[in-house]
Structure formats: C-alpha cells, structure tokens
Amino acid sequence: VRSAFAEHDDFLQASWSENIARVSAHAWEAKKIVHALADAGIDAVVTKGNISHARIYGGHGLRAFHDVDLMIRSKDAASAAPVIEGCGYAAASKFDRTTKTIVPLPRTQKIIYKLFPDHLPPFCRLFGGSVSHVAVDVAFSMTWAKSPWQMANEAYLDEPVWQVVSTEAGDIEWPALAPAYDLLFTVLHSFRESWQLTRDGVSGVRITHLADAWRTWANFSDADRERFTSVVEENGMQLPVAWVLARVEDAFDVSVNAHIGLSDFAQPEWINSFKGVDDEYFSWSGSTREVLSAGGRAARERVDMPRLLGA
C-alpha cells in the first residue's frame, strides 16, 4: 500500500500541512467569536466539523472542514450579527476564489435566508498565509425552518461542555454541545442535506457526515448511548435519525438503529425515500455507496408520501 501512494507523498504531506494550518486558524477564530458573543450575553457553542475533528479524529488535522460552525439561541439571532462583524467579519458574504476577495452574497441567496430563517447569512473575512479566508456559519435551529421536526426547546444550549482543542499555537477550549446533542445535531444536519433533494434532483449525502455519525457513536460510553436514545425519543426525532443511521449502516456495514430501538422506524419505504423541492416524494434504488459514488444522484422513481410521515 505504501509503495502505491509513494508518488503522492509530497502532495499528501502538503495537503495535511495546509489542513493543520486551516484547523488552527479556525480554532482561534472560533474562540475569539465565542468569547465576544459571551461578553455580549449571547450563549454560543462550536459544532459540526470543528468539534468532530477534536473529539473523534484526535485533533491531528485529519478531518477537513471549511468554516467555523456555531449554534446560538433563536432569540439572539439579530443581536449576534453585529458582534461577529465587530470581530472583523463581513456579514452576508463569501470568498471569491477568482478575485481572492470577500464579496456580498447574491440577492437571491439573501432572500432565501429571510424566507427560511434557521441560520444567519454567512460571515467571511480574509485571513493570511496558507489560509486565504475564514467563514462563519451560525445556526439557531437543530433542523430547518418549517421542518416537521423541531426540538421541544433549546435545552441543548443550557449545559455546554468544554472541549479542549490542540493547535499549532497551543491548546484552547471551546464550549460545545454535550455528546448526545452533538451526535443528534450531526445526524439531523446530515438528514437535512441528504433527504431533501436539490431542484436538480441531487442528494447532499456526504461520506464525512456519515463517518462523523458512526465514529461518534462508536466512541460513546454506555451512558452516552443511553442519553442519546432518550434525547431522540424526548424530541420526537426517531424518523430522521433512523433514516440517517440506515445510511450509516449501509455504508459501513454496521448496526445502530436496533441498539436504540429504532428498527420499527427504519422501514424500507421510509429509509429509501427522498423529498423533492415541490413536496414530491421519491424512492431511491441502489446502495448508499453507489449514491455517494454518483455524487448524490440516485436512480429514483416518484412515489406517494411515505406512510410513516402521515402516522
């Protein structure tokens, strides 16, 4: 195996070094923003790839991610934006790879954020060195606007845990979601991206999301697994969780749904379903790996709404 990749050693080493620098930059920027929000009386936790990299990939630059992901309370959405701008970020902006500058989001994207308020429009700033820019994504919902699945409350922000993160410049700490809520958010984010097709009929299913979910579950203690099972049930998240975990099971040949009592929700009609943009439903054929290999383009046929959704 080593000889097969020998000719790519330089490229892989360079990519790893770049990712270590990117991870470090994002870590310190996350700390700066979270502290600024706290000073303004706004609770915030770091989420998604940032946390997965530290918790389940050892913090060694092995998990790539491209922005700082934060979660805040919905009531703080309006007041958080000027705080983040005060940290040097442009609101409702993105990095233009052609001009190497920060540019405003297109008007159509800004409208979408207003119509479906579950995230703030992204923030972005130029950085330096091998890290061209840092983007910040701020969510204030575990699911999405107008989703049939909503958390009963925002208790997941009441008791954050502190996550130690190792960087080139030393160790720092972030507030993060407790393990059970962290896995739930990982799974629900994957569901949002995967189950809902784009207008072009593409699923956003990603191997990194599925791997994060599986590695997190595999590293859980018995107490963490029991708490996760309770959180899923208490918030009525059985269907989306069963759907994603079925993808995890198919991709990695493992078993999870049965361990948390979701076998009755992992029915083929449901776990093989997709939702189109016009409230249409489709059934996919083929394995998860085949869909991943096809870039999210699954062979599918139009079907009625899955019966479990109407139960």
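Heads up: numbering here begins at 1 and tracks the sequence. Treat the numbers as computed from the prediction; the structure is a model and nothing was measured.
For R215, the salt bridge (Lys or Arg N to Asp or Glu O under 4.0 Å) criterion is met by no residue, not counting sequence neighbours. Here S194 pairs with nothing under the side-chain hydrogen bond (donor to acceptor under 3.5 Å, both in side chains) rule; sequence neighbours left out. Remark: R55 engages Q163, D182 in a side-chain hydrogen bond (donor to acceptor under 3.5 Å, both in side chains) (not counting sequence neighbours). Every residue two or more places apart in sequence or in another chain that forms a ring-ring contact (aromatic ring centres under 6.0 Å, His included) with F95 is listed here: H133. In this view, T229 satisfies the side-chain hydrogen bond (donor to acceptor under 3.5 Å, both in side chains) rule with no residue, not counting sequence neighbours.
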All N/O donor-acceptor pairs, side-chain side in residues 83-92, below 3.5 Å, sequence neighbours left out:
residue: Y89; atom: OH; partner: E29; partner atom: OE1; Å: 2.5

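Cluster partners of V164, using a side-chain heavy-atom cutoff of under 4.5 Å among ILVMFWY residues and allowing indirect links: none. If you chain together ILVMFWY residues whose side-chain heavy atoms come under 4.5 Å of each other, V202 ends up in a group of its own. The hydrophobic cluster containing W162, built from Ile/Leu/Val/Met/Phe/Trp/Tyr side-chain heavy atoms closer than 4.5 Å, comprises no other residue. L105 belongs to a hydrophobic cluster whose other members, connected by ILVMFWY side-chain contacts under 4.5 Å either directly or through intermediates, are Y113.
Note on residues 239-260: pairs passing side chain to side chain donor-acceptor pair (under 3.5 Å), not counting sequence neighbours, are R247-T288, D250-T288. Sequence neighbours left out, the pairs with a member in residues 148-157 that pass side chain to side chain donor-acceptor pair (under 3.5 Å) are S74-E154, T143-Q150.
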